[in-house]
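Okay, structure first, notes after.
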Amino acid sequence: MERARLAHLTRHQHILLRLGELIAYVECAGSLARRAARLAEGRLHEKANLRFDPAALAAISRVFAREAALKVAADGLRWICAATEVSDADVPVFGAALD
């Protein structure tokens with residue numbers, strides 16, 4: 001995200017919307033994790049849907065969090081490298097710089 005901001009990539013609507021999609025995935029994963037934690041602690045609102053037990057919702061939350069992390073890692077790297085014209089030889093160096 002910082003590289004996109006520094007390179008002024010957010011001025012391009014397509015890149016801005018793609019980054020927004022990734023941000024939404026991460027926010028949804030965080031929201032689901034917080035909901036699973038509240039259910040496990042017994043602090044979920046009384047009108048909330050109790051379709052899943054705490055263990056099942058925790059598992060669903062972990063799966064979605066992993067999918068969100070993979071999507072951000074793969075798609076984020078793809079969009080930033082493509083938009084900033086990182087060469088194929090520089091992709092491993094760029095990926096290592098992210099760690």
Side-chain angles (χ1 to χ4, degrees):
M1 289 296 298
E2 184 65 14
R3 185 169 176 129
R5 187 187 68 77
L6 291 175
H8 303 288
L9 298 178
T10 53
R11 292 183 182 168
H12 303 283
Q13 185 179 21
H14 184 71
I15 300 297
L16 179 68
L17 294 176
R18 292 294 182 159
L19 292 175
E21 177 187 7
L22 298 178
I23 292 167
Y25 264 84
V26 171
E27 288 176 351
C28 289
S31 177
L32 186 58
R34 287 188 296 275
R35 180 183 174 93
R38 282 195 312 267
L39 181 61
E41 296 167 355
R43 296 186 305 123
L44 202 57
H45 192 272
E46 62 189 29
K47 292 186 177 182
N49 187 341
L50 298 175
R51 181 182 320 173
F52 301 107
D53 64 341
L57 192 58
I60 292 168
S61 173
R62 286 192 304 272
V63 168
F64 187 70
R66 287 183 185 123
E67 287 180 1
L70 180 62
K71 183 173 182 65
V72 168
D75 290 356
L77 183 63
R78 180 175 57 139
W79 285 108
I80 298 303
C81 286
T84 57
E85 298 177 4
V86 175
S87 69
D88 290 340
D90 293 337
V91 170
V93 175
F94 178 66
L98 295 176
D99 294 333

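If you read the sequence from its start, that first residue is 1, and numbering goes on from there.
- Of the inter-residue distances, the one linking L39 atom CG with R34 atom CZ reads 15.0 Å to the nearest 0.5 angstrom.
- Both L32 and L50 are assigned to one and the same hydrophobic cluster, defined by single-linkage of ILVMFWY side chains at heavy-atom distances under 4.5 Å.
- W79 and L70 are assigned to two separate hydrophobic clusters, defined by single-linkage of ILVMFWY side chains at heavy-atom distances under 4.5 Å.
- Within the 4.5 Å cutoff, no side-chain heavy atoms of K71 are placed close to those of E67.
- Counting non-hydrogen atoms of other residues, nucleotides and ligands closer than 6.0 Å to CD of E41 gives a total above 12.
- Heavy-atom minimum distance, S61 versus A36: CB-CB, 4.1 Å.
- The CG atom of L17 lies 11.0 Å from the CD1 atom of I23; values are rounded to the nearest 0.5 Å.
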Original post:
Would L57 and R35 satisfy side chain to side chain contact (heavy atoms under 4.5 Å, CB included), going step by step from the backbone distance to the final call?
Top reply: CA-CA 8 Å; L57 192 58; R35 180 183 174 93; 4.0 Å; yes

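- Closest approach of A68 and Y25 over heavy atoms only: CB-O, 3.9 Å.
- In the hydrophobic clustering of ILVMFWY residues, with side-chain heavy atoms under 4.5 Å counting as a link, F64 and L44 come out together.
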